[in-house]
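The structure appears below as structure tokens.
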Protein chains: 2
Amino acid sequence: MSLAAIKNIECGDCPIRHRAVCSRCDTDELQELDAIKYYRTYEAGQPITWSGDRMDFVGSVVTGIATLTQTMEDGRTQMVGLLLPSDFVGRPGRDNAAYNVVATSTVVMCCFRRKPFEELMSRTPHIAHRLLEMTLDELDAAREWMLVLGRKTAREKIASLLSILARRDASLQASKADGAIVFDLPLTREAMADYLGLTLETVSRQMSALKRDGVIQLEGKRRVTVPEMERLIAEAGDDSDGACLS
Amino acid sequence: MSLAAIKNIECGDCPIRHRAVCSRCDTDELQELDAIKYYRTYEAGQPITWSGDRMDFVGSVVTGIATLTQTMEDGRTQMVGLLLPSDFVGRPGRDNAAYNVVATSTVVMCCFRRKPFEELMSRTPHIAHRLLEMTLDELDAAREWMLVLGRKTAREKIASLLSILARRDASLQASKADGAIVFDLPLTREAMADYLGLTLETVSRQMSALKRDGVIQLEGKRRVTVPEMERLIAEAGDDSDGACLS
DNA sequence: TAGTAGCTTTGACGCAAATCAAATTGGGTG
DNA sequence: CACCCAATTTGATTTGCGTCAAAGCTACTA
């Protein structure tokens, strides 16, 4: 897939438009953005940024999935974000990456050189506004997730994650026959465990339990069918209506 | 304490200046802010906002401490933020509160009516910029906390919380003789438990254990002395250098 | 001064999830 | 096709934290 194709299929002239950062930019501003942007592809498993390293770009995911993780010295790791197409990476004004960002599938990033981006942002109020909205959404998602990490049981944690992934796929692909939702897990059991603050064995056991109880069906390891979304949401502990993660 | 006193002592002409949201505002803009702001006092235990309720202001804490919590239907609650003086409350563009915000001590808030504030913000780029920075800081704090909730042991959780509180007090009050830091816990054992994803009994037990092991000293229930900050940080699991919470 | 109520501590016990260990599956490769 | 390796599942055992229960502090009130 050529970058031109990506541009046309995924992004229009400005990939960041995924979440409309520059949907209100005028032609001049778009040209400025184009002048400082470039595409980069990362293979599955490859790091995009490493915590502490210098980071001279910001950008957004065009295709693929990446994870945001924090680690302790002894190796314990906690995922703190799941980056899907259109999600923003990097922090304007910050020189060094604060997290490990790793591609879990082949990822195409649309990057902007950081300094010129910051400068453009300071001249272009609606970019800052949009970035503020996106950041507030991420903050809500992070806080929602704190409830999952701090107070839910293993089964509820799994159901919460599946519920979020199912909801996302349902809205994206509308791949539902009657009321059932089918989607592919974008994460290994270990990555799920890192997200949920569990061990991979516990994740596996709870997946088996949900399958045994008919809440989900599994074809192979990755393809999940949710016959009744309501049932899954109930298993998740039914906190409000489940904010999206990001 | 009169509001005039608060203005002079705590805020200058614009209380939000605590975190310099409008430090770059010109005189006209400050006057506009003054025109839409008001002070309000909440007693300990009193709710400031309730999740789902309409919220027609944003604002910042001037004095006192408030907590941000999420709850499940069965009553399980998770604290997702601790609001200290200068912290911002509310989300521009959102009609209904997403969290329960409760005063844990007497709290004075400086509020701005939401609609005019949003309108002012859209005309005043540096307010949006500052708000973006503050939100990014909160997001970092939330993600740091996800590691605590997901991967740390009870003892490490307590040490992490104490370490953050001690660090904050150390920078605020410089109340250290030689290397020791002394501060008052602003939270009950139950509130600590809600923050850490533990029960209050476990919090109590771990506090006792840290005391027994000489990591901390306690006078009464609330006053804590940390003889060696390094030791406490080591107990916390020593992830990087401990980001601030907010 | 005694009484009460909220917060805190401590103890005994049980359970959910971690740990340790092995077996099974399945996709990719020579 | 047979092999290999990584991912996953399943089982046995341990353990950290939750649950239930009771008692101790401290501050406030009558």
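The model shown is predicted, which means the values in this text are computed figures rather than measured ones. A note on names: the letters A, B, ... follow the listed sequences, proteins ahead of strands, and every chain is numbered from 1.
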Could you state the atom-to-atom distance from [atom1] of [X] to [atom2] of [N] in whole Å?
{"X": "B:Lys211", "N": "C:dT9", "atom1": "NZ", "atom2": "P", "answer": "8 Å"}
{"X": "B:Lys152", "N": "C:dA17", "atom1": "NZ", "atom2": "P", "answer": "22 Å"}
{"X": "A:Arg151", "N": "C:dA16", "atom1": "CZ", "atom2": "P", "answer": "17 Å"}
{"X": "B:Arg189", "N": "D:dG24", "atom1": "CZ", "atom2": "P", "answer": "19 Å"}
{"X": "A:Met192", "N": "D:dA7", "atom1": "CE", "atom2": "C1'", "answer": "13 Å"}
{"X": "B:Glu156", "N": "C:dA18", "atom1": "CD", "atom2": "C1'", "answer": "15 Å"}
{"X": "B:Leu210", "N": "C:dT8", "atom1": "CG", "atom2": "P", "answer": "16 Å"}
{"X": "A:Leu200", "N": "D:dA6", "atom1": "CG", "atom2": "P", "answer": "15 Å"}

Remember a base hit wins even if backbone is also touched, and classify [X] as base, sugar-phosphate or nothing at under 4.0 Å, heavy atoms.
{"X": "A:Arg222", "value": "sugar-phosphate"}
{"X": "A:Thr199", "value": "base"}
{"X": "B:Ser204", "value": "base"}

task = Using the closest heavy atom to pick a nucleotide of DNA chain D for each, name whichever of A:Leu187 or B:Ala154 lands nearer the 5' end.
result =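 Final value for this comparison: A:Leu187.
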
query = Between A:Leu82 and A:Tyr195, which heavy-atom pair has the shortest distance, and what is it?
reply =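 For A:Leu82 and A:Tyr195, the tightest heavy-atom pair comes out as CB-CE1, 3.9 Å.
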
Which nucleotide in [options] has an atom nearest any side-chain atom of [X]:
{"X": "A:Lys221", "options": "C:dA17, D:dG18, D:dT8", "result": "D:dT8"}
{"X": "A:Thr202", "options": "C:dA17, D:dT8, D:dT19", "result": "C:dA17"}
{"X": "A:Arg205", "options": "C:dA12, D:dA12, D:dT9", "result": "D:dA12"}
{"X": "A:Leu198", "options": "C:dA18, C:dT9, D:dT8", "result": "C:dA18"}
{"X": "B:Thr153", "options": "D:dC17, C:dA21, C:dT9", "result": "D:dC17"}

key: Lys NZ or Arg CZ of B:Arg223 over B:Phe183 ring: under 6.0 Å, within 45°   =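 Output no; distance or angle outside limits.
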
ask   = Pick the nucleotide of DNA chain C nearest each of A:Glu201 and B:Glu190; which residue has the one closer to the 5' end?
value =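 In this pair, the answer is B:Glu190.
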
Exam field: side chain A:Ser105 to backbone A:Ile65, donor-acceptor pair closer than 3.5 Å =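 Confirmed, A:Ser105 side chain pairs with A:Ile65 backbone.
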
inquiry  = Any side-chain to backbone donor/acceptor pair from B:Gln78 onto B:Asp194? Under 3.5 Å, distance only.
reply    =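 Checking the backbone N and O of B:Asp194 against the side chain of B:Gln78, a donor-acceptor pair under 3.5 Å is found.
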
ask   = Of A:Met79, A:Arg143, A:Gln70, A:Met146, which meets side-chain contact (heavy atoms from CB on, under 4.5 Å) against B:Met146?
value =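 One option only clears the test, and that one is A:Met146.
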
ask   = Does a side-chain N or O from A:Ser208 land closer than 4.0 Å to OP1 or OP2 of D:dT10, or not?
value =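 Answer yes for this pair, as a side-chain N or O of A:Ser208 is under 4.0 Å from OP1 or OP2.
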
